[in-house]
Novice: 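Okay, handing you the structure first.
Just so you know, these numbers use all the heavy atoms, side chains as well, and skip hydrogens, waters and symmetry mates.
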Amino acid sequence: MFSTLIAAQAGSAQEDADNLIGQWQIVNSSGQVLENIDINLVVSRNNLARFDYTRASDATINPSRLQGLMTDKVVIFQLVDLGYTTTYVVDLDFTLGGGPGLELKSRTANCTLVGKASNLVVKKYESRLSDNSASCDGSSLYDGTTQNIKLVKVGVDAGNIPLTASIPDGITNNLNKIDTRLSGAWFLNSGKRNFKLLVKDIEAHHLGYKFAYKLTEGSTRLDKLNQTDFITGLREGLLVNNFLILSSSRFGKNDELYIVKLNKTTGSGNLYSSPNGDCFPLKEPVTETVICTPNDDSDLINNVTSIFGSRKISKIDTKVTISF
């Protein structure tokens, strides 16, 4: 539903789209610039907009062309690095030229730099190695981390942009209702690969509601669940303007960001899939270990976000209570 947006019409949506175009800095609490992104295309309808962006750290000859979403001035986008996937959600004030947000980082693999160590791969892959190639082991489950950040338009004094914001009374007053609505087990229908996710620890946040979750395979019987059934560590997600934001990434060929609009206990939306790296097997295969060259070091990877629609989610097994 998001990928079919038409060109923006005159009005506030057009103004927001125009203001989103340009270069932005992601700044942490210490004032360190974590990354620069360049938003170069915004396609919007009403209060929903899809935008294209590149990151400054990518090679200029083959930059990743990524896509994010803006809903009511809240922007949602993802950056991908070997072994990590990072989602940013920011509430922008275009008058100030920036706004406070949250970084949701998930570690998906342990990657060790090997450079052009051609002895690790068969000859046909040697030409795809670069000085930044790494051996990546994705067999472990890692817990996610969060930190407060702000998104600042280039040319704006970052000191004038707040790092946090007060939580609106409406969000706080609705916390108990949202806690009942979100806590528990959900089924995520994602085409060929389906998941079940367990949600807990719902908290009010100035962006909406923050929660913790773990993923299991869709075929897992929750009444027989054990620790070995989890396929991720404990991660953080958000419910923002009724959009559920979560990642199912497990260091595959692509990193996965779901943006799904909820209607009570069901919802539908899109999967944003971005290349994780140019990866190939070891000469002597080791389970869940591969050699990967970053996207911007490879001319064999199509560095473009793919958007897959009709992803559906629904609450399930409401009689099963799981503590973790």
Side-chain angles (χ1 to χ4, degrees), residues 17 19-43 49-70 74-92 97-109 111 113 130-134 136 144-156 158 161 245 247 249 251-257 259 270-279 292-307:
N19 288 328
L20 192 58
I21 293 288
Q23 295 181 339
W24 297 80
Q25 295 180 327
I26 303 169
V27 183
N28 67 10
S29 59
S30 301
Q32 176 187 8
V33 177
L34 303 178
E35 184 62 81
N36 288 273
I37 65 169
D38 183 5
I39 298 176
N40 44 55
L41 174 68
V42 183
V43 184
R50 169 181 55 82
F51 60 90
D52 288 12
Y53 62 100
T54 58
R55 56 191 297 179
S57 62
D58 275 1
T60 56
I61 59 172
N62 191 29
S64 297
R65 299 194 305 277
L66 306 172
Q67 294 193 27
L69 185 75
M70 179 171 68
V74 175
V75 296
I76 307 161
F77 63 98
Q78 186 181 49
L79 297 180
V80 179
D81 296 288
L82 285 181
Y84 291 91
T85 177
T86 310
T87 303
Y88 294 94
V89 185
V90 183
D91 189 6
L92 288 179
L102 197 63
E103 175 195 79
L104 311 173
K105 182 183 284 288
S106 296
R107 184 178 178 185
T108 55
C111 294
L113 188 68
S130 75
D131 291 335
N132 290 322
S133 295
C136 293
T145 61
T146 63
Q147 68 168 329
N148 292 323
I149 54 92
K150 50 188 171 182
L151 193 64
V152 183
K153 200 159 194 179
V154 170
V156 173
I161 306 300
I245 302 165
S247 170
S249 299
F251 199 67
K253 292 182 179 179
N254 294 280
D255 275 24
E256 299 173 339
L257 175 65
I259 305 178
N270 289 350
L271 164 63
Y272 290 69
S273 178
S274 301
N276 188 35
D278 181 16
C279 298
C292 290
T293 294
N295 289 347
D296 50 325
D297 283 2
S298 173
D299 58 2
L300 298 175
I301 291 296
N302 185 18
N303 301 313
V304 180
T305 299
S306 298
I307 303 178

Novice: Show, in sequence, the C-alpha distance, side-chain angles and deciding distance for S29 and N148, and conclude whether the side chain to side chain contact (heavy atoms under 4.5 Å, CB included) test is met.
Specialist: CA-CA 7 Å; S29 59; N148 292 323; 5.8 Å; no
Novice: Below 4.5 Å, heavy atoms only, C-beta onward: do Y84 and T145 meet side chain to side chain?
Specialist: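 The answer is no, as the side chains (C-beta and beyond) never meet within the 4.5 Å cut-off.
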Novice: Over all heavy atoms of both residues, which pair between E103 and T86 is shortest? Give the atoms and the distance, please.
Specialist: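 Closest heavy-atom pair between E103 and T86: CG-CG2, 3.3 Å.
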Novice: Measuring from atom CG of L69 to atom CZ of R50, what distance do you get when rounded to the nearest 0.5 angstrom?
Specialist: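 With rounding to 0.5 Å, CG (L69) is 10.0 Å from CZ (R50).
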Novice: Looking at L41 and I21, what are the two nearest heavy atoms and their distance?
Specialist: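 Heavy atoms only, the tightest pair is N-CD1, 3.6 Å.
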Novice: With a 2.5 Å cut-off on the SG atoms, do C279 and C292 make it?
Specialist: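 Between C292 and C279 there is a disulfide, given that their SG atoms are under 2.5 Å apart.
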Novice: Looking at every heavy atom in both G277 and N295, which two are closest together, and how far apart are they?
Specialist: CA-OD1, 2.9 Å
Novice: Is the shortest heavy-atom distance from the side chain of L20 to the side chain of M70 under 4.5 Å?
Specialist: yes
Novice: Taking the side chain as every heavy atom from C-beta outward, state whether C136 and F251 have any pair of such atoms under 4.5 Å apart.
Specialist: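 A side-chain contact under 4.5 Å exists here.
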Novice: Evaluate side chain to side chain donor-acceptor pair (under 3.5 Å) for S106 paired with T85, printing each intermediate quantity in order.
Specialist: CA-CA 5 Å; S106 296; T85 177; over 6 Å; no
Novice: What is the distance from atom CG of D255 to atom OG1 of T108, rounded to the nearest 0.5 Å?
Specialist: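 One gets 5.5 Å once the value is rounded to the nearest 0.5 Å.
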Novice: Less than 4.5 Å apart, side chain to side chain, heavy atoms only: is that true for Q147 and N28?
Specialist: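 Heavy-atom side-chain distance check passes, below 4.5 Å.
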Novice: According to the interplanar angle, ranging from 0 to 90°, do the rings of Y53 and F77 count as parallel (below 30°), tilted (30 to 60°) or perpendicular (above 60°)?
Specialist: perpendicular
Novice: For the side chain of K150 and the backbone of I161, is there at least one donor-acceptor N/O pair under 3.5 Å apart?
Specialist: yes
Novice: Checking side chain to side chain contact (heavy atoms under 4.5 Å, CB included) for the pair V90/I149: CA distance, chi angles, key distance, verdict?
Specialist: CA-CA 8 Å; V90 183; I149 54 92; 3.7 Å; yes
Novice: What residues, two or more places apart in sequence or in another chain, satisfy side chain to side chain contact (heavy atoms under 4.5 Å, CB included) together with D278?
Specialist: R128, F280, T293, S298, L300, I301
Novice: Between D52 and I39, does the side chain to side chain contact (heavy atoms under 4.5 Å, CB included) criterion hold? Intermediate values first, please.
Specialist: CA-CA 6 Å; D52 288 12; I39 298 176; over 6 Å; no
Novice: Provide the closest heavy-atom pair for E256 versus S247 in the form atom of the first, atom of the second, distance.
Specialist: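 Answer, listing the atom of E256 first, then S247: O-OG, 3.0 Å.
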Novice: What distance separates D91 CG from L151 CG, expressed to the nearest 0.5 Å?
Specialist: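 Separation between the atoms: 11.0 Å.
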Novice: Using a 4.5 Å cut-off on heavy atoms from C-beta on, say whether the side chain of V154 contacts that of W24.
Specialist: no
Novice: If we count only N and O atoms by modelled type, under 3.5 Å, do the side chains of N254 and N276 hold a donor and an acceptor together?
Specialist: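 No, no side-chain donor-acceptor contact under 3.5 Å.
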Novice: About how many Å separate CG of L66 and CG of D38, when rounded to the nearest 0.5 Å?
Specialist: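 Reported value, rounded in 0.5 Å steps: 11.5 Å.
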Novice: May I have the step-by-step check of side chain to side chain contact (heavy atoms under 4.5 Å, CB included) for N40 and T54, ending in yes or no?
Specialist: CA-CA 8 Å; N40 44 55; T54 58; 4.1 Å; yes
Novice: Report yes if the side chains of I307 and Q67 come closer than 4.5 Å at any heavy-atom pair, otherwise no.
Specialist: yes
Novice: Any sub-3.5 Å donor-acceptor pair from T87's side-chain atoms to Q78's backbone N or O?
Specialist: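 No: the side chain of T87 does not pair with the backbone of Q78.
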Novice: Below 4.0 angstrom, N of the basic side chain to O of the carboxylate: do D81 and R55 qualify?
Specialist: yes
Novice: Are the side chains of L257 and I245 in touch, meaning some heavy atoms are under 4.5 Å apart?
Specialist: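 Answer yes - side chains close enough.
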Novice: Using every non-hydrogen atom in the two residues, find where D297 and S130 come nearest and quote the distance to one decimal.
Specialist: OD2-OG, 2.9 Å
Novice: So how far is it from D296 CG to N132 CG, rounded to the nearest 0.5 Å?
Specialist: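 Here the rounded value is 7.5 Å.
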Novice: If you compare all heavy atoms of P275 against all heavy atoms of V304, which two are closest, and at what distance to 0.1 Å?
Specialist: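 Distance-wise, the nearest heavy atoms are CD-O, 3.7 Å.
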Novice: Between atom CD of Q25 and atom CD1 of I37, what is the distance when rounded to the nearest 0.5 Å?
Specialist: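 Between atom CD of Q25 and atom CD1 of I37 there are 10.5 Å.
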Novice: Is I76 close to Y88 at the side-chain level, that is, under 4.5 Å between some pair of heavy atoms?
Specialist: no
